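These notes concern the structure reproduced below.
All values below come from the heavy atoms of this structure, side chains included, with hydrogens, waters and symmetry mates left out. On a predicted model such as this, the values are computed, not experimentally measured, just so you know.
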Amino acid sequence: MEYWSQVLSVLSLLAIILLVLAGAWVFTRWAGQNLGGGFLAAGRGGRLQVLDRAAVGRDQSVLVVKAGQRYLLLGSTPAGLTLLAELTREEGECWEAPAPPDGPEQRRPIDFRALMQRLREKK
């Protein structure tokens, strides 16, 4: 009798742990989709996009940001953000990635096997 109560106790503890883990997984999926998702979600077509980032020191970086139709050069430090310059529309558009081509001439992923074959042939 005591053996079965211990088994049931262990099984109920495992069930509770699994429920907590499943709840955490569901919450993180929901939060990632509904709460914005941080910098990565901002770059997916929102009004605020980080176009480029360059580290200039420990915990210091320079960012090119598109906010609506304005392009900003910002300095980022642990103390906060500083506006370094506002870029013209032409300067800002140079930082944007070119649109991927549509149609059959679109770039295909590199075929590793074909690349290795070409390297072997060169030898």
Side-chain angles (χ1 to χ4, degrees):
M1 179 73 175
E2 188 167 321
Y3 172 75
W4 289 111
S5 66
Q6 290 177 348
V7 169
L8 287 176
S9 198
V10 168
L11 289 176
S12 63
L13 181 62
L14 287 174
I16 290 171
I17 290 172
L18 287 174
L19 282 174
V20 169
L21 290 175
W25 180 78
V26 168
F27 176 76
T28 55
R29 299 278 299 188
W30 174 83
Q33 293 173 352
N34 297 326
L35 297 180
F39 281 116
L40 294 176
R44 289 187 205 141
R47 293 186 198 160
L48 184 64
Q49 297 176 349
V50 177
L51 300 177
D52 200 4
R53 175 186 303 241
V56 293
R58 182 178 172 175
D59 296 334
Q60 300 172 346
S61 58
V62 177
L63 298 100
V64 178
V65 176
K66 179 180 179 183
Q69 297 299 317
R70 297 172 65 187
Y71 295 91
L72 308 170
L73 183 65
L74 301 175
S76 173
T77 64
L81 293 173
T82 304
L83 176 64
L84 301 176
E86 185 167 347
L87 305 174
T88 64
R89 182 182 212 82
E90 293 81 24
E91 291 172 333
E93 288 174 351
C94 292
W95 291 97
E96 290 197 47
D102 294 332
E105 67 275 356
Q106 170 177 334
R107 287 189 67 188
R108 294 178 304 197
I110 296 173
D111 183 14
F112 184 74
R113 182 174 290 165
L115 180 64
M116 291 304 293
Q117 186 68 27
R118 276 189 269 149
L119 288 175
R120 281 190 207 134
E121 291 171 0
K122 285 184 180 181
K123 286 185 177 180

* **Spacing of Arg70 atom CZ and Leu87 atom CG [to the nearest 0.5 Å]** => 11.0 Å
* To do: Considering non-hydrogen atoms only, spot the tightest contact between Leu81 and Ser76 and give its length.
  => CD2-CB, 3.6 Å
* **Minimal non-hydrogen separation, Leu51 against Gly92, with atom names** => CD1-O, 4.2 Å
* Asked: According to a 4.5 Å side-chain heavy-atom criterion applied to Ile, Leu, Val, Met, Phe, Trp and Tyr, with indirect links allowed, do Tyr3 and Leu11 form part of one hydrophobic cluster?
  -> yes
* Asked: To the nearest 0.5 Å, how far apart are CG in Leu73 and CG in Leu63?
  -> 8.5 Å
* To do: Treating Ile, Leu, Val, Met, Phe, Trp and Tyr as nodes and any side-chain heavy-atom pair under 4.5 angstrom as an edge, say whether Leu83 and Val50 lie in one connected cluster.
  => yes
* Which heavy-atom pair separates Ala67 from Leu48 by the least distance, and what is that distance? -> CB-CD1, 4.0 Å
* **Straight-line distance of Gln60 CD to Thr77 OG1, nearest 0.5 Å** => 6.5 Å
* Asked: Shared ILVMFWY cluster between Leu18 and Val10, side chains joined below 4.5 angstrom?
  -> no
* Asked: Taking atom CG of Leu8 and atom CG of Leu13, what is their separation to the nearest 0.5 Å?
  -> 12.5 Å
* To the nearest 0.5 Å, how far apart are OG1 in Thr88 and CD in Glu93? -> 8.5 Å
* Same hydrophobic cluster for Ile17 and Trp25, using side-chain heavy-atom links shorter than 4.5 Å among ILVMFWY? -> no
